[in-house]
Amino acid sequence: MNTIKSSFKQILQYPSAMIGVFVILILVGIAIYTMITIPYEEAIRKWRGGEEVWYQNPRYAPPAWYNLFSKKKQPISFAVSSANGQMQKVVNHPGGDVSTIDITYSFDYSYDDFPQELILYFKSSYAEKQPFVSIQWITPDQRTFKVANFSISRQTTYRFTQDEKLIRKLKVENPMVGLFSDPTQPTPTPLKGTYQLIINGAAFEENADLDAEFVFHGKLYGLAGTDNKRRDLVLPLLWGTPVALAFGLLASIGTLVLTMIFAAVGTWYGGWVDALIQRITEVNLVLPFLSILIMVGTFYSRSIWVILGVTILLSIFTGSIKSYRAIFLQVKESGYIEAARAYGASNARIIFNYLIPRMIPLLIPGLVSSIPSFVFLEASLAILGLGDPVLPTWGKIINDADVDGALYKGYYYWVLEPAVLLMMTGLGFAMLGYALDRVFNPRLREL
Amino acid sequence: MDNPIPNSVMDIPSVNPPTGGEDSEVILSVNGLHVWFELRRFGFGVAGYVRAVDDVSFDLKKGEAIAIVGESGCGKSSLMKTILGLYKPTKGDVTFEGKSVQQLSGRDLQWYRSQVGYVQQDPYGALPPFMSVERILAEPLIISGIHNSEKRREQIRKVMEEVKLYPVEDFLPKFPHMLSGGQQQRVVIARAMIRNPKLIVADEPVSMLDASVRVEILRLLRSLQQRHNLSFIYITHDLSTVKYFSERIFVMYAGKLVEKAKINELIQNPLHPYTQALLSASSDPDYHNATKFREVPAGEPPSLVKPPAGCRFHPRCNRAIADLCEVEAPPEFTPQPTHSTLCWLYR
Amino acid sequence: MENHPTPLLQIHNLLLYFRTTHGVVQAVDHVDIALDYHHAVVILGESGCGKSSLARAILRLLPRNVAEYKGEVILEGNDVMKYEEEEFRQSIRWVAMSLVPQAAMNSLNPVIKVGDQVAEPSMVHLGTSKAEALDQAKSMFERVSVPIDFLQRYPFELSGGMRQRVALAMALVTMPHLIILDEPTSALDLLTQANIFNTLKVIKHEMGISFILITHDIATSSELADEVAVMYAGQIVEASDAPHFFTEPLHPYSQMLMASVPRLRSDQDPIFIHGQPPSLISPPTGCRFAERCPKVFERCKQEPPVVQSNGILVKCWLYC
């Protein structure tokens with residue numbers, strides 16, 4: 001339609017609209033990127049997964065970029081494994097069935113705080129005789145600590161902070177302080193430089209082998225931090241984008257299209273059809289919208305699709321059906337409708353080919369501006385605990401944070417990250433929507 | 001796109017002497033037509049009726065053009081819409097080629113609608129702003145079941161050439177707001193003509209147009225009427241355009257046709273006092289006008305809910321006959337064979 | 001009648017341009033008009049020629065998107081263009097000249113009694129008391145032939161013709177010397193139209209008020225006109241007195257416009273003008289009517305001068 005085309009050309013003249021479009025394009029880009037790189041099943045598996053998926057991550061770790069804003073640099077978490085070559089692994093066969101397996105890893109440490117925990121996960125394969133490992137820790141100033149030695153079963157986890165022997169050996173309550181602090185300082189201060197972890201393993205069978213994974217739980221983690229279940233928040237933040245956009249768009253279009261059809265049908269046929277639609281609207285207007293959604297969520301289903309359906313259903317018969325009706329009543333009297341009746345257009349044809357197309361340019365701004373309100377609605381429901389139990393969404397993050405008392409405990413990032421995304425969505429669509437309103441309703445333009 | 005000769009007769013005939021209609025068959029017949037609208041009281045029940053059309057009868061012959069002249073609210077639009085089949089008559093009927101229009105349904109109704117073209121007053125309002133010219137003209141054809149787009153295009157091209165919207169290719173993709181008032185009205189006329197109707201109903205087709213294009217559109221309508229031997233109902237409030245157009249003229253006042261005559265008879269010898277007032281109120285450009293008062297009756301047309309008893313014009317009439325005009329409604333008198341009026345003066 | 005040394009209104013080089021998304025619209029382009037006391041001038045033009053903008057420019061009722069507004073509007077010897085907005089509002093608008101806007105009958109406030117609405121201008125602009133203003137309103141109702149008991153009615157209780165008369169009373173109540181009528185009868189019925197013109201003639205003669213009548217309707221314009229100014233594409237192309245204009249217009253556009261009027265009482269064949277007026281955003285150089293003019297010749301490519309012949313001003317090379 002040519003009016004719409006020219007209107008979109010006009011939009012280019014509004015800088016606010018361009019910012020809005022830019023924000024929306026970023027969000028859409030994120031949504032597409034997410035759906036390609038993290039398939040739905042994998043996202044759900046990870047989101048619903050527990051310790052076995054997320055064991056590498058610390059709990060409650062703020063994002064790594066916290067360091068940019070603070071003088072005291074916090075250690076950033078990482079995990080490395082010998083199985084994929086991140087840790088150097090040297091295997092020797094000195095003779096007989098015995099083999100030595102030496103795994104070493106060096107890393108730079110230039111932080112001002114101690115890590116939370118170091119963990120070694122061992123995996124080994126053997127028939128009867130368990131392999132044996134001894135762990136050494138070499139500090140930047142070349143002090144060597146014999147951390148521990150023990151034989152390992154097929155899967156063994158060694159946590160530095162829980163080794164009583166190590167605590168006694170280091171004479172500190174927290175082995176992290178013992179392993180990382182600078183002995184020349186009066187108070188515990190981390191020593192900066194290259195640390196080395198050496199694992200000397202010995203296997204006693206011909207085909208026995210052994211691998212180690214070194215998990216370093218710093219104070220910070222990744223781009224978005226982690227939550228109470230060690231989950232990387234990047235996942236729900238990314239996946240929340242397509243969910244939010246889809247919910248907003250579907251709810252907005254669904255509501256709008258159905259409202260328009262009901263308004264058009266009611267206005268065109270008039271009489272009892274119109275009266276019925278009007279009465280339904282009046283009843284619906286006094287029904288508590290949120291309470292109904294909460295009831296549906298509590299008693300029936302919290303699936304996002306059910307909530308979407310109910311939202312649309314309850315949003316059809318609202319004030320907007322009355323305002324559309326007012327416009328349709330005007331359009332109904334216009335000459336071209338009379339002409340269409342005179343040349344024999346059917347009722348359905350008049351409604352769908354003559355009444356509704358007249359409204360579409362008027363509705364596009366409303367459509368765009370109503371998307372964020374549905375996104376917020378979905379988030380609000382999630383915050384109230386009525387979010388989809390399966391899907392990772394922005395609202396769900398805030399809900400988790402809320403349940404865990406994140407703000408009370410000072411984990412602001414946990415709440416602010418989804419909140420910022422919600423605000424960006426609102427801002428982007430609102431800026432575009434207002435500009436569209438000016439383009440499509442020229443009367444506003446002079447103001 | 002326009003003819004470079006700005007002021008020539010071109011191929012459009014100018015005012016031709018009234019032709020046609022004399023001996024040909026009756027195509028449309030309006031018999032004792034009443035169109036009343038219910039006034040609803042709040043809740044239930046009927047508070048009264050708006051007697052928009054009250055006992056109107058006339059015949060229209062094939063190829064004949066008639067004009068219905070009246071002021072706003074006189075019921076001429078209701079009469080027209082009843083003829084178009086948009087309103088149902090309360091009493092009486094409209095027959096087209098012998099078939100009663102209000103009893104048509106389904107295919108027959110579609111056929112009737114294809115036989116009647118409708119030209120509206122406000123060309124911009126009459127065209128859907130979101131459709132291109134091509135689409136607008138295709139609509140009636142689609143409704144008539146012509147689904148072959150090649151065939152439709154051919155017909156659209158033909159009718160556009162006929163209303164002089166050329167080059168056709170330039171106009172097809174345009175939207176109404178890109179056209180001038182005159183061009184919009186041509187599209188409206190083309191839409192009315194596209195199914196080769198036998199009857200055209202034109203409601204004030206030029207009143208919204210600028211003076212300089214009015215004549216052009218009137219001539220176009222006239223030439224189409226003559227070329228296709230169309231029957232034509234021209235509805236207007238403007239007497240000065242009527243004579244370029246039609247053979248017979250009906251004057252409507254408060255729901256009734258108060259005078260029926262041939263156009264020249266009416267202008268030279270108006271019978272009904274209302275017609276006389278209308279003629280006296282119509283001015284031609286003349287500087288003497290500024291120094292004269294127009295002899296027009298004061299007051300306004302009566303309410304159609306409670307029209308005055310007797311002759312509906314009597315409260316404004318300076319020739320009203322006491323004890324007659326306000327008591328009894330005048331029947332139709334025919335002082336001359338082709339000239340009749342509803343007025344007691346001619347009893 | 002008193003003698004006046006200067007004419008009531010002289011407009012020189014009045015210019016009003018609007019800004020739109022498509023460019024600057026030259027709605028009123030260097031317009032000159034003079035009007036004497038007790039006279040009526042008709043500004044005649046087709047839709048989009050800038051005649052309503054001219055009314056706005058004279059009364060300084062401007063929309064927000066004005067790009068340029070200048071020239072001289074000398075009312076009773078004073079150039080009111082130099083007035084500050086507040087001064088203009090206090091001493092000119094509705095005091096010295098008032099307006100009956102287009103579709104005035106629909107511009108009344110639906111929730112205020114028409115009597116109060118008519119009294120309003122004299123209370124606001126002249127500071128009269130309410131009782132006095134209502135008295136004036138009453139006498140104005142008599143002038144415009146609206147029954148006195150209509151003072152207490154609301155606009156929706158009045159017919160279109162009556163509302164139009166009320167709008168006229170509203171323009172008259174402050175007794176200005178000049179009233180601008182913008183298409184005062186275009187939406188009214190024939191008989192109502194004739195009645196209102198009868199009323200306007202009475203007001204003109206009895207109250208000595210001057211009128212600027214803006215219209216596209218040539219036939220009814222002759223009902224009031226002493227002088228005629230024809231506007232085409234933002235410019236005045238001919239300014240003449242009514243007897244000359246209605247018998248023998250000079251400018252080719254005026255001639256064709258006159259010939260395009262269907263006449264009830266003559267058998268003359270009306271003609272039509274081909275083409276459309278030029279866009280006011282980028283009007284052609286030279287004569288703006290040249291493209292549609294049957295008498296066009298070489299010189300029309302240059303801007304025609306305004307030529308005076310027998311007191312008639314015409315902007316056309318034919319009369320040089």
Side-chain angles (χ1 to χ4, degrees), chain B residues 1-9 14-15 69-74 180-183 206 208-219 237-244 267 274 277-301 316, chain C residues 40 46-49 145 159-162 187-195 197-198 201-202 204 216-226 228 241-247 253 256-267 269-277 291-294 296:
Chain B
M1 108 245 128
D2 275 297
N3 194 313
I5 310 161
N7 174 25
S8 73
V9 181
S14 56
V15 193
V69 175
E71 295 179 281
S72 59
C74 73
S180 71
Q183 290 166 342
V206 296
M208 305 277 275
L209 302 176
D210 272 323
S212 61
V213 281
R214 264 183 206 179
V215 178
E216 201 178 358
I217 296 291
L218 279 175
R219 282 199 198 168
H237 70 280
D238 184 4
L239 272 169
S240 58
T241 58
V242 167
K243 69 169 180 188
Y244 300 101
I267 289 173
Y274 175 66
L278 271 187
L279 281 169
S280 144
S282 319
S283 47
D284 285 340
D286 181 352
Y287 68 93
H288 292 110
N289 290 344
T291 52
K292 287 187 302 202
F293 283 103
R294 299 228 159 247
E295 281 171 38
V296 286
E300 275 154 12
R316 301 171 77 186
Chain C
E46 294 183 276
S47 56
C49 74
S145 322
S159 66
M162 281 298 163
L188 298 173
D189 280 325
L190 212 53
L191 297 188
T192 317
Q193 220 174 75
N195 271 319
F197 269 103
N198 282 346
K201 286 174 197 169
V202 173
K204 184 173 161 236
H216 69 281
D217 185 337
I218 298 149
T220 53
S221 76
S222 69
E223 294 283 334
L224 201 63
D226 296 310
V228 181
D241 55 290
H244 278 101
F245 182 79
F246 286 109
T247 47
Y253 175 65
M256 293 179 81
L257 200 60
M258 192 69 80
S260 74
V261 183
R263 285 156 204 255
L264 194 59
R265 295 169 186 86
S266 102
D267 276 332
D269 224 4
I271 57 133
F272 55 90
I273 311 177
H274 271 278
Q276 290 152 40
E291 204 190 320
R292 303 169 78 188
C293 184
V296 63

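Here is how names work: the chains are called A, B, and so on, in the same order as the sequence lines, proteins then strands, and each is numbered from 1.
Of the two parts of B/Pro297, the backbone and the side chain both hold a non-hydrogen atom closer than 4.5 Å to a non-hydrogen atom of chain C. Contact annotation for B/Ile267: only side-chain heavy atoms (C-beta onward) come within less than 4.5 Å of a heavy atom of chain C. For C/Met162, the parts lying near chain B are the backbone and the side chain together; criterion is any non-hydrogen pair under 4.5 Å. Only the side chain of B/Arg214 comes within contact range of chain C, with heavy atoms under 4.5 Å apart. C/Thr247 touches chain B through its side chain: at least one heavy atom from C-beta onward sits under 4.5 Å away, while N, CA, C and O do not. Only the side chain of B/Glu300 comes within contact range of chain C, with heavy atoms under 4.5 Å apart. Of the atoms belonging to C/Leu224, it is backbone heavy atoms, and not side-chain ones, that fall under 4.5 Å from chain B. Within the 4.5 angstrom heavy-atom criterion, atoms from both the backbone and the side chain of B/Leu279 approach chain C.
The candidate with the highest count of non-hydrogen atom pairs below 4.5 Å against chain B, out of C/Ala259, C/Ala242, C/Pro243, is C/Pro243.
By the 4.5 Å heavy-atom criterion applied to side chains, B/Arg219 and C/Asp269 are counted as neighbours. Using a 4.5 Å heavy-atom cutoff, the side chains of C/Val202 and B/Phe293 are in contact. Using a 4.5 Å cut-off on side-chain heavy atoms (C-beta onward), B/Ser212 and C/Arg292 make contact. At a threshold of 4.5 Å between non-hydrogen side-chain atoms, the residues B/Leu218 and C/Phe272 do not count as touching. When side chains are defined from C-beta on, B/Ser283 counts as touching C/Glu223, because their heavy atoms get closer than 4.5 Å. You'll find the side chain of C/Arg263 reaches within 4.5 Å of the side chain of B/Pro285, heavy atoms only.
Panel note: side chain C/Asp189, backbone B/Ser72; a donor-acceptor pair is recorded below 3.5 Å. The backbone N or O of B/Ser180 lies less than 3.5 Å from no partner atom in the side chain of C/Gln276, so there is not a single donor-acceptor pair. Of the possible polar contacts, none joining the C/Asn195 side chain to the B/Ala298 backbone as a donor-acceptor pair under 3.5 Å is found.
Of the inter-residue distances, the one linking C/Asn198 atom CG with B/Lys292 atom NZ reads 11.5 Å to the nearest 0.5 angstrom. To the nearest 0.5 Å, atom CG of residue C/Asp241 and atom OH of residue B/Tyr287 are 9.5 Å apart. Separation of atoms CG (B/Asp286) and OG (C/Ser222) is listed at 6.5 Å; rounding is to 0.5 Å. The CG atom of B/Asn289 sits 6.5 Å away from the NZ atom of C/Lys201 when rounded to the nearest 0.5 Å.
The shortest non-hydrogen separation linking B/Asp284 to C/Pro262 is OD1-O, 4.2 Å. B/Asp210 approaches C/Glu46 most closely through the heavy-atom pair CB-OE2, 3.0 Å. Among all heavy-atom pairs drawn from C/Ser260 and B/Ala211, the shortest one is OG-O, 3.6 Å. The shortest non-hydrogen separation linking C/Leu191 to B/Arg316 is CD1-NH2, 3.6 Å.
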